[in-house]
Amino acid sequence: MTHLSRRSFGLAALSAPVLISSGTAASAQNTQPAARAPAMFDAPVGRYRITAVFDGMAPLGKNFFFGPDQSQIDGALAAAGISGDVLPAPVNAFLLQSDDRTILIDGGMGAVDILGPGFGRLADGLAAAGVMADDVDMIIVTHAHPDHIGGLVDEGGAAFPKAELVMTDVEFGFWGDEAMLTQAPEDARPLFALAQSVFGAYGDRVRAVAPETEVAPGVMLELAPGHTPGHAVVHIDGGDQQLLMIADALHSTDLQTALPETGFGFDVDPEQAAQTRMRIFDRAAADGLLIAGSHVHFSGFGRIVRSDNAYRFVPTSWL
């Protein structure tokens with residue numbers, strides 16, 4: 001049985017309570033100190049084209065990470081040229097397009113106020129890519145944390161009115177389970193409220209699928225538990241190219257490749273999350289898979305290679 005605590009939701013690492021805004025994604029964008037052009041990067045994956053859309057930067061403190069000795073953590077960060085107590089992590093969403101499909105993978109933070117200002121850029125990014133809300137026919141939710149579903153609602157309604165919302169049945173069951181809500185710490189309950197409000201906004205267009213289900217041609221949703229019970233990665237087989245979108249299996253590209261056993265404050269089951277991460281790293285390194293990640297340094301793409309007894313992330317781009 002899953003044990004829920006403040007640490008399970010990262011609340012022990014936050015300096016302020018979780019706050020869920022009732023505003024819209026547009027209102028979050030209006031909190032920006034100055035207008036910024038959307039940050040995007042697109043590349044071919046066989047029959048598909050994938051576009052990374054930057055939604056904002058999460059200022060993750062070192063206190064979010066635990067497990068190895070602090071000296072090991074400091075050493076790994078120093079080796080990566082990182083000093084100070086903040087590990088900035090981007091929040092990326094991904095647009096997957098083919099001749100007949102327009103699929104969004106996760107929805108960014110939107111108007112959720114949990115990690116400070118600067119989020120809610122997804123809508124502008126999609127517009128810059130020539131994609132309107134009505135064009136999106138499917139949304140794959142890797143897991144129902146605020147920085148992945150906050151941008152999927154607008155004033156309480158579905159921000160993408162024609163899209164089907166797809167996730168693993170394990171994830172849907174976890175956030176919709178009243179028993180889980182009851183045992184959750186008081187200040188974690190807004191996370192359940194947000195998830196349930198998003199599910200409600202999409203109503204009968206929510207599809208909860210068994211793991212290892214092909215949800216679109218060549219697009220497989222694979223269970224990768226630990227960060228949340230139903231956390232999933234997305235395997236995209238474009239025919240002559242493959243990509244694995246690893247979602248939140250990795251939060252710090254520099255730290256968790258050098259020390260993959262490092263836990264993260266928002267992991268519901270840190271030990272299981274570490275096991276999942278190492279399994280994904282082994283697979284990606286052995287198969288030479290291209291990866292994308294929700295919190296991988298923008299533009300969000302790269303490869304995992306072995307480095308001594310650990311791993312290393314190598315950024316990748318296309319011309």
Exercise answer: donor-acceptor pairs, residues 284-291 side-chain atoms, under 3.5 Å, sequence neighbours excluded:
none

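Taking the six-membered ring for Trp and thresholds of 30 and 60 degrees, His145 and Phe266 have ring planes more than 60 degrees apart, a perpendicular arrangement. Relative orientation of the His295 and His251 rings is parallel, given thresholds of 30° and 60° on the angle between their planes. Ring geometry for His143 against His227 counts as perpendicular: the plane angle is over 60°, on a 0 to 90° scale with 30° as the lower cut.
Of the possible polar contacts, none joining the Asn92 side chain to the Ala52 backbone as a donor-acceptor pair under 3.5 Å is found. Under a 3.5 Å cut-off, the side chain of Arg277 and the backbone N or O of Ala249 do form a donor-acceptor pair. Distance alone, capped at 3.5 Å, places no donor-acceptor pair between the Asp147 side chain and the Gly108 backbone. Side-chain N or O atoms of Thr168 include one that pairs as donor or acceptor with a backbone N or O of Gly230 at under 3.5 Å. Using a distance-only test at 3.5 Å, with no hydrogens or angles considered, a donor-acceptor pair links the side chain of Glu171 to the main chain of Ala144. With hydrogens and angles ignored, the 3.5 Å screen pairs a side-chain donor or acceptor of Asp267 with a backbone N or O of Phe264. Under a 3.5 Å cut-off, the side chain of Asp254 and the backbone N or O of Leu77 do not form any donor-acceptor pair. For the pair Thr276 (side chain) and Pro225 (backbone), a donor-acceptor distance under 3.5 Å is present. Arg205 places no side-chain N or O within donor-acceptor distance of the main-chain N or O of Met138, the cut-off being under 3.5 Å. Checked by atom type and distance alone, the side chain of Gln241 never pairs as donor or acceptor with a backbone atom of Gly238 at under 3.5 Å.
Inter-residue side-chain proximity for Glu261 and Pro68 is flagged as met; some heavy-atom pair is nearer than 4.5 Å. Annotation: side chain of Gln97 is in contact with side chain of Val131 (closest heavy-atom distance under 4.5 Å).
For Asp85, the salt bridge (Lys or Arg N to Asp or Glu O under 4.0 Å) partners at least two apart in sequence or on another chain are Lys62. In terms of the side-chain hydrogen bond (donor to acceptor under 3.5 Å, both in side chains) criterion, residue partners of Glu222 (sequence neighbours excluded) are, by chain and number, Arg283. Annotation: salt bridge (Lys or Arg N to Asp or Glu O under 4.0 Å) contacts of Arg207 (sequence neighbours excluded): Glu164. In this structure Asp135 satisfies the salt bridge (Lys or Arg N to Asp or Glu O under 4.0 Å) test with no other residue, sequence neighbours excluded. Under the salt bridge (Lys or Arg N to Asp or Glu O under 4.0 Å) criterion, Arg49 pairs with Asp42, not counting sequence neighbours.
Residues Val206 and Val198 fall within the same hydrophobic cluster, defined by Ile, Leu, Val, Met, Phe, Trp and Tyr side chains chained together at heavy-atom separations under 4.5 Å.
A salt bridge does not link Asp240 with Arg47: none of the charged nitrogens is closer than 4.0 Å to a carboxylate oxygen.
Outside the 6.0 Å centre-distance limit, the rings of Phe94 and Phe41 are not counted as a close aromatic pair.
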Check: Does the side chain to side chain donor-acceptor pair (under 3.5 Å) test come out yes or no for Ser98 and Asp100, once each step is laid out?
Finding: CA-CA 5 Å; Ser98 67; Asp100 59 350; 3.0 Å; yes

